[in-house]
Protein chains: 2
Amino acid sequence: MTTRWLDDRELQVWVRMVAVLELLPAQLDSHLRRVADLTYFDYYVLAMLSEAPDRSLRMSELAVRTNSTLPRLSHVARRLEIRGLVHRTTASDDRRVTMARLTDAGWDTVVATAPEHVEQVRALVFDALTPEQVEQLRGITEALLDVLDPDGLMSTPYQRPALDDL
Amino acid sequence: MTTRWLDDRELQVWVRMVAVLELLPAQLDSHLRRVADLTYFDYYVLAMLSEAPDRSLRMSELAVRTNSTLPRLSHVARRLEIRGLVHRTTASDDRRVTMARLTDAGWDTVVATAPEHVEQVRALVFDALTPEQVEQLRGITEALLDVLDPDGLMSTPYQRPALDDL
DNA sequence: GAGCATTACTTGATATAACAACTAATCTTC
DNA sequence: GAAGATTAGTTGTTATATCAAGTAATGCTC
């Protein structure tokens with residue numbers, strides 16, 4: 001099979017894309033560790049719970065929403081539970097199911113951290129882009145996700161965090 | 001300080017961006033592990049060396065080009081050296097400096113893996129985008145890197161891999 | 001309704017990542 | 001040219017990620 005190499009333009013774009021993929025999560029992660037002792041992944045686990053009804057989700061649903069595997073989530077949930085940010089209980093109707101619920105302390109952590117995190121996202125991404133580029137990025141990410149996540153698992157019903165009313 | 005929350009459009013874009021940041025590296029990593037038993041990071045270390053003069057770079061320069069820390073690179077280099085893909089030597093002019101050089105086996109690995117990796121990149125990214133979107137992505141990644149990497153360390157003099165002549 | 005398959009996790013072992021501490025060589029300054 | 005500072009890497013420790021295996025509850029089939 002003859003390889004379809006990237007042309008100069010594509011290569012240039014890809015080199016930059018690799019840099020963004022490396023730097024952006026690293027900087028967000030570093031910021032969250034510093035201000036809240038949470039990994040980027042930890043934060044999204046808490047954030048997803050904070051947006052869910054009753055601040056709780058079953059583990060498998062939470063795994064899908066954080067694009068994680070169940071084993072990974074299970075380990076993380078254990079640590080967050082030890083820190084008192086999350087509480088797990090067995091569902092009464094199906095005792096195989098574990099419900100993860102954000103504790104009050106977990107909620108407080110999200111409330112305390114979210115503004116700084118959003119500010120960071122704004123500083124690193126949206127402030128750097130023109131409104132046209134934001135719109136372009138919408139189309140690009142949509143196209144990429146059609147391939148990366150054809151079943152749309154990551155873009156599950158998402159609602160704006162209820163943090164506004166603070 | 002009142003938080004400047006993300007508006008609906010920004011939030012929608014960001015949710016997708018988070019998904020892309022999570023899924024794209026994960027899928028590239030998974031592919032490389034499968035076909036070459038290399039992490040995404042391992043592969044880029046080898047790739048950077050393959051493009052360097054004499055297939056070698058000093059560790060600190062390699063760390064910059066892979067956006068890595070020296071400790072991280074040092075561990076990875078040790079593993080790659082054990083596998084016979086890289087060889088490290090002390091520079092004669094400055095004996096603090098370690099030069100990492102791609103071995104013949106390392107070169108062969110890159111040569112064998114690069115086409116599949118490029119194919120993967122094409123399948124996951126470029127085939128999913130229109131030419132206009134690729135052009136837009138060029139501008140967007142450029143703008144983001146101005147913030148993420150203001151000194152342009154990641155976009156160090158890059159030249160097309162010499163793999164074409166195979 | 002007993003046996004097997006499936007689902008929903010958890011646990012344990014191994015690999016990789018991140019941070020701090022350390023070593024050795026070179027440079028600087030007096 | 002000796003003492004301290006800086007540079008370039010390495011090593012060790014602890015945390016996190018990944019994969020395989022295990023467990024327990026439920027569903028399915030005959």
Side-chain angles (χ1 to χ4, degrees), chain A residues 21-23 25-34 36-46 56-83 85-101 153, chain B residues 21-23 25-34 36-46 56-83 85-101 153:
Chain A
L21 291 174
E22 183 72 28
L23 295 171
Q27 294 191 19
L28 292 173
D29 192 79
S30 155
H31 177 256
L32 285 169
R33 281 179 196 266
R34 188 157 38 77
D37 193 25
L38 292 172
T39 67
Y40 184 54
F41 183 73
D42 290 340
Y43 175 81
Y44 273 99
V45 167
L46 299 182
S56 67
L57 287 171
R58 31 189 301 179
M59 292 291 283
S60 47
E61 177 63 20
L62 187 52
V64 167
R65 297 207 188 182
T66 55
N67 188 51
S68 160
T69 60
L70 221 26
R72 179 182 184 188
L73 179 61
S74 183
H75 285 302
V76 169
R78 179 174 46 74
R79 289 174 219 143
L80 293 174
E81 189 164 37
I82 289 170
R83 291 172 62 179
L85 304 177
V86 160
H87 183 64
R88 284 181 295 179
T89 50
T90 301
S92 52
D93 56 329
D94 183 342
R95 298 174 39 72
R96 292 172 302 182
V97 170
T98 301
M99 298 298 292
R101 187 171 194 285
L153 297 177
Chain B
L21 290 174
E22 183 73 28
L23 294 171
Q27 293 191 17
L28 292 173
D29 193 77
S30 155
H31 176 255
L32 285 169
R33 280 179 197 266
R34 187 156 38 77
D37 193 25
L38 294 171
T39 67
Y40 185 52
F41 183 73
D42 290 340
Y43 175 81
Y44 274 99
V45 168
L46 299 182
S56 67
L57 287 171
R58 32 191 298 178
M59 292 291 283
S60 48
E61 176 63 22
L62 187 53
V64 168
R65 297 208 189 182
T66 56
N67 189 50
S68 161
T69 59
L70 222 25
R72 180 183 183 189
L73 178 61
S74 182
H75 284 301
V76 168
R78 179 174 47 74
R79 288 174 219 142
L80 293 174
E81 189 164 37
I82 289 169
R83 290 172 63 178
L85 304 178
V86 160
H87 183 63
R88 284 181 294 178
T89 51
T90 302
S92 52
D93 57 328
D94 184 342
R95 296 174 41 71
R96 289 173 304 184
V97 170
T98 301
M99 298 298 293
R101 185 172 195 284
L153 297 178

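Chain A is the first sequence line, chain B the second, and so forth, proteins listed ahead of strands; every chain is numbered from 1.
- In this model, no donor atom of one side chain and acceptor atom of the other lie less than 3.5 Å apart for B:His31 and B:Arg34.
- Between A:Asp29 and A:Val97, the residue anchored nearer the 5' end of DNA chain C, judged by the nucleotide with its closest heavy atom, is A:Val97.
- When rounded to the nearest whole Å, the span between CG of A:Asp94 and C1' of C:dT7 equals 8 Å.
- Once rounded to the nearest 0.5 Å, the distance linking CG of B:Leu70 with NE2 of B:His75 reads 10.5 Å.
- Distance, B:Tyr40 OH to C:dA15 P: 24 Å, rounded to whole Å.
- Atom CZ of A:Arg95 has 12 or fewer neighbouring heavy atoms from other residues, nucleotides or ligands inside a 6.0 Å radius.
- Contacts of A:Thr98 with the nucleic acid, taken as non-hydrogen atoms under 4.0 Å apart, involve only primed sugar atoms and P, OP1 or OP2.
- Going from atom CG of A:Leu80 over to atom P of C:dT10 covers 13 Å, rounded to whole Å.
- Separating the CG atom of B:Leu32 from the P atom of C:dT16 is a distance of 13 Å, rounded to the nearest angstrom.
- Rounded to whole Å, atom C1' of D:dT7 lies 15 Å from atom CE of B:Met59.
- The CZ atom of B:Arg72 sits 5 Å away from the P atom of C:dA17 (whole-angstrom rounding).
- Distance check, rounded to the nearest 0.5 Å: CG of B:Asp37 to CZ of B:Arg83 gives 4.5 Å.
- Here the rule is side-chain contact (heavy atoms from CB on, under 4.5 Å) with B:Leu85, and of B:Val45, B:Leu38, B:Asp42 only B:Leu38 fits it.
- Between B:Arg58 and D:dA8, a side-chain N or O to OP1/OP2 separation shorter than 4.0 Å is present.
- Distance B:His75 NE2 to D:dT14 P: 14 Å, rounded to the nearest Å.
- At D:dA15, none of the side-chain N or O atoms of A:Arg79 fall inside 4.0 Å of OP1 or OP2 (strictly under the cut-off).
- The side chain of A:Thr39 lies closest to D:dT16 when the candidates are D:dT11, D:dC19, D:dT16.
- Mapped onto DNA chain D by nearest heavy atom, A:Ser92 and A:Thr69 fall at different nucleotides, with A:Thr69 at the one closer to the 5' end.
- For C:dA15, the OP1/OP2 oxygens have no side-chain nitrogen or oxygen of B:Arg33 closer than 4.0 Å.
- Considering only the side chain of B:Ser60, D:dG9 comes nearest among D:dG9, D:dT18, C:dA20.
- Of the candidates D:dC19, C:dC19, D:dT26, D:dC19 carries the atom nearest the A:Pro71 side chain, counting heavy atoms from C-beta on.
- Minimum atom distance to the side chain of B:Phe41 is reached by C:dA17, of the listed D:dA17, C:dT10, C:dA17.
- Computed from coordinates, the A:Arg96 CZ to C:dA5 P distance equals 16 Å when rounded to whole Å.
- Between B:Asp93 and A:Ala77, the residue whose closest nucleotide on DNA chain C is further toward the 5' end is A:Ala77.
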